[in-house]
Amino acid sequence: MTKIKICGMTNKEDAKKAVDFGADALGFIFYEKSPRHISVEKAKQIIKILPPFVAKIGVFVDEDEKKVRQIQSYCGLTALQFHGNETIEYCSGFRNVIKSICVAERLSVEQTKKYEHCVCAFLFDTYSANKKGGTGQAFDWNLLKEIKTKKPVILAGGIKAENVDMAISTVKPYAIDSASSTESEPGKKDYDKMKKLIDIVKG
């Protein structure tokens, strides 16, 4: 069964609802320029109330290695998602790394091949010159047919209840990742949208 991560958590109420609806993982964005940015202290308080088998994913963009380790340890993150220009050497220094690949009009096989040995999964998101994720826009999922990775594939970028069936049938991903498509505004979840998406993925 396809798993689902709800990203951009900023408060306990939304986190509890996501878990109640059946989310497998929650994402916490520590990138300060994101409208879904969360403080370390607030993330820790939310993570403390989460069940043990819900993954807690920290999202970082070209962050200092020492700071990432401090946040991971303090908050109890179970995996790290790197959404910037992190090098192979950088990623190799951590465990349970999800490397984000931003997709534009084409996708180079080399983008994944070079990271294959040092990550546990790849997340494919829509490229934007102005945003690091959370665009609400989908890319051409057929581009992923060229990728021959042995790592789990996580699909992001404008996935919502209306197109998630097509996304899953086209890509057959390990997991779906949603942020802006399950919001009423940046950082605040729309429970109807979130439940509907999770129900379809789980169904």
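All residue numbers refer to positions in the sequence shown, counting from 1. Atoms considered below: every heavy atom in the structure, side chains included; atoms not considered: hydrogens, waters and symmetry mates. None of these values were measured; they are calculated from a predicted model.
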Asks: As an exercise, state the distance from CD1 of Ile47 to OG1 of Thr78, rounded to the nearest 0.5 Å.
Replies: 8.0 Å
Asks: In terms of hydrophobic clusters joined by side-chain contacts under 4.5 Å, are Tyr174 and Val97 together?
Replies: no
Asks: Kindly give the heavy-atom pair with the smallest separation between Gly84 and Lys99, and that separation in Å.
Replies: O-NZ, 3.0 Å
Asks: Answer yes or no: is there a side-chain heavy-atom contact under 4.5 Å between Lys17 and Lys189?
Replies: no
Asks: Just wondering, do Phe122 and Glu116 contact through their side chains at under 4.5 Å, heavy atoms?
Replies: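 Heavy-atom side-chain distance check passes, below 4.5 Å.
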Asks: In the single-linkage hydrophobic clustering (I, L, V, M, F, W, Y; side-chain heavy atoms under 4.5 Å), do Val103 and Ile154 co-cluster?
Replies: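 In one cluster with Val103: Ile154, no.
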Asks: Can you measure from CD (Glu86) to OH (Tyr115) and round to the nearest 0.5 angstrom?
Replies: 7.0 Å
Asks: With a 3.5 Å distance limit and no angle check, can you tell me whether Asp24 reaches the backbone of Ile4 through a side-chain donor-acceptor pair?
Replies: yes
Asks: Under the 3.5 angstrom rule, does the side chain of Lys160 hit a backbone N or O of Ser180 as a donor-acceptor pair?
Replies: no
Asks: Is Asp125 close to His83 at the side-chain level, that is, under 4.5 Å between some pair of heavy atoms?
Replies: yes
Asks: Side chains of Asp14 and Tyr191: is there a donor and an acceptor less than 3.5 Å apart?
Replies: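 Yes, Tyr191 and Asp14 have a side-chain donor paired with an acceptor closer than 3.5 Å.
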Asks: Could you walk me through whether Ile88 and His117 pass the side-chain contact (heavy atoms from CB on, under 4.5 Å) check?
Replies: CA-CA 9 Å; Ile88 299 167; His117 70 285; 3.4 Å; yes
Asks: Over all heavy atoms of both residues, which pair between Lys202 and Met1 is shortest? Give the atoms and the distance, please.
Replies: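 Where Lys202 meets Met1 most closely, the heavy atoms are O-CE, 3.3 Å.
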Asks: Considering only heavy atoms from C-beta outward, does the side chain of Phe28 approach that of Ile57 to under 4.5 Å?
Replies: no
Asks: Charged N to carboxylate O below 4.0 Å: is that the case for Arg36 and Glu183?
Replies: yes
Asks: Under the 3.5 angstrom rule, does the side chain of Lys193 hit a backbone N or O of Ser181 as a donor-acceptor pair?
Replies: no
Asks: Is there a side-chain contact between Cys7 and Leu26, using heavy atoms and a 4.5 Å cut-off?
Replies: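 They are not in contact (no side-chain heavy atoms under 4.5 Å apart), so the answer is no.
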Asks: Do Lys5 and Gln81 meet the criterion of a side-chain donor-acceptor pair at a distance under 3.5 Å?
Replies: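 Per modelled atom types, Lys5 and Gln81 side chains form a pair under 3.5 Å.
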Asks: Nearest heavy-atom pair of Cys118 and Ser92: which atoms, and what distance?
Replies: CB-OG, 3.3 Å
Asks: Checking Leu80 against Asn96 for the side-chain contact (heavy atoms from CB on, under 4.5 Å) test, could you report, in this order, the C-alpha distance in whole Å, the side-chain angles of both residues, the deciding distance, and whether it holds?
Replies: CA-CA 6 Å; Leu80 304 171; Asn96 296 333; over 6 Å; no
Asks: Is a side-chain donor or acceptor of Lys172 paired with a backbone partner of Ser169 at a separation under 3.5 angstrom?
Replies: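 Pair found, side chain donor or acceptor close to backbone of Ser169.
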Asks: Taking Gln137 for the side chain and Gly157 for the main chain, is one N or O donor matched with an acceptor at less than 3.5 Å?
Replies: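 Here the side-chain-to-backbone pair does not exist.
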Asks: Are the side chains of Val119 and Ile98 in touch, meaning some heavy atoms are under 4.5 Å apart?
Replies: no
Asks: For residues Leu123 and Ile101: do they belong to one hydrophobic cluster (side chain heavy atoms under 4.5 Å, members Ile, Leu, Val, Met, Phe, Trp, Tyr)?
Replies: no
Asks: Hydrophobic clusters here meaning ILVMFWY residues chained together by side-chain heavy-atom distances under 4.5 Å, can you tell me if Leu155 and Leu143 are in one?
Replies: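 Yes, Leu155 connects to Leu143 through the hydrophobic network.
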Asks: Is the shortest side-chain heavy-atom distance between Asp190 and Thr182 below 4.5 Å?
Replies: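 Of all side-chain heavy-atom pairs linking Thr182 with Asp190, none is under 4.5 Å.
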Asks: Flag yes if more than 12 heavy atoms outside Lys195 fall under 6.0 Å of its NZ atom; otherwise flag no.
Replies: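 No, NZ of Lys195 has 12 or fewer neighbouring heavy atoms, counting only those of other groups under 6.0 Å.
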Asks: Locate the shortest heavy-atom distance separating Ile200 from Ala161; write the atom from each residue and the value.
Replies: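 Of all heavy-atom pairs spanning Ile200 and Ala161, the closest is CD1-O, 3.5 Å.
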Asks: Return the minimal non-hydrogen interatomic distance between Ile29 and Gly8, and the atom names on each side.
Replies: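 Residues Ile29 and Gly8, closest heavy atoms: CD1-CA, 3.9 Å.
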Asks: For the atom pair CZ (Arg69) and CG (Leu77), what is the distance rounded to the nearest 0.5 Å?
Replies: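 It is 13.0 Å, given to the nearest 0.5 Å.
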Asks: If two hydrophobic side chains count as joined below 4.5 Å and joins carry through other members, does Met194 share a cluster with Leu197?
Replies: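 Hydrophobic grouping puts Met194 with Leu197.
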Asks: Counting distance only, does the side-chain N/O of Lys56 pair as donor-acceptor with the main-chain N or O of Val54 below 3.5 Å?
Replies: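 The answer is yes, because a donor-acceptor pair under 3.5 Å joins these two groups.
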Asks: Could you go through the side-chain contact (heavy atoms from CB on, under 4.5 Å) check for Phe30 and Cys75 one step at a time?
Replies: CA-CA 11 Å; Phe30 297 101; Cys75 292; 4.2 Å; yes
Asks: Answer yes or no: is there a side-chain heavy-atom contact under 4.5 Å between Asn163 and Trp141?
Replies: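 SC-SC contact between Asn163 and Trp141 confirmed.
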Asks: At what distance, to the nearest 0.5 angstrom, does CD1 of Ile38 lie from OG1 of Thr10?
Replies: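 The CD1 atom of Ile38 sits 6.0 Å away from the OG1 atom of Thr10.
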Asks: Rounded to the nearest 0.5 Å, how far apart are OH of Tyr90 and CZ of Phe60?
Replies: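 Those atoms lie 7.5 Å apart.
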Asks: Please report the shortest heavy-atom distance between Ser178 and Ile159, naming the atom on each side.
Replies: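 Nearest pair, atom of Ser178 first, then Ile159: OG-O, 3.9 Å.
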Asks: Is it the case that the side chains of Glu63 and Tyr31 hold a donor-acceptor pair, with the cut-off being a distance below 3.5 Å and no angle test?
Replies: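 There is no such pair (donor and acceptor under 3.5 Å, judged by atom type) between the side chains of Tyr31 and Glu63.
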Asks: Verify whether the ring centers belonging to Phe139 and Phe124 lie closer than 6.0 Å.
Replies: no
Asks: First locate atom CD1 of Ile46, then atom CD of Glu13, and finally report the distance between them rounded to the nearest 0.5 Å.
Replies: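 That separation rounds to 8.5 Å.
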Asks: Treating Ser73 as the side-chain partner and Gln70 as the backbone partner, does any N or O pair qualify as donor plus acceptor under 3.5 Å?
Replies: no
Asks: Using side-chain contact (heavy atoms from CB on, under 4.5 Å), reason through Phe82 and Ser100 one step at a time and then give a plain yes or no.
Replies: CA-CA 6 Å; Phe82 293 145; Ser100 177; over 6 Å; no
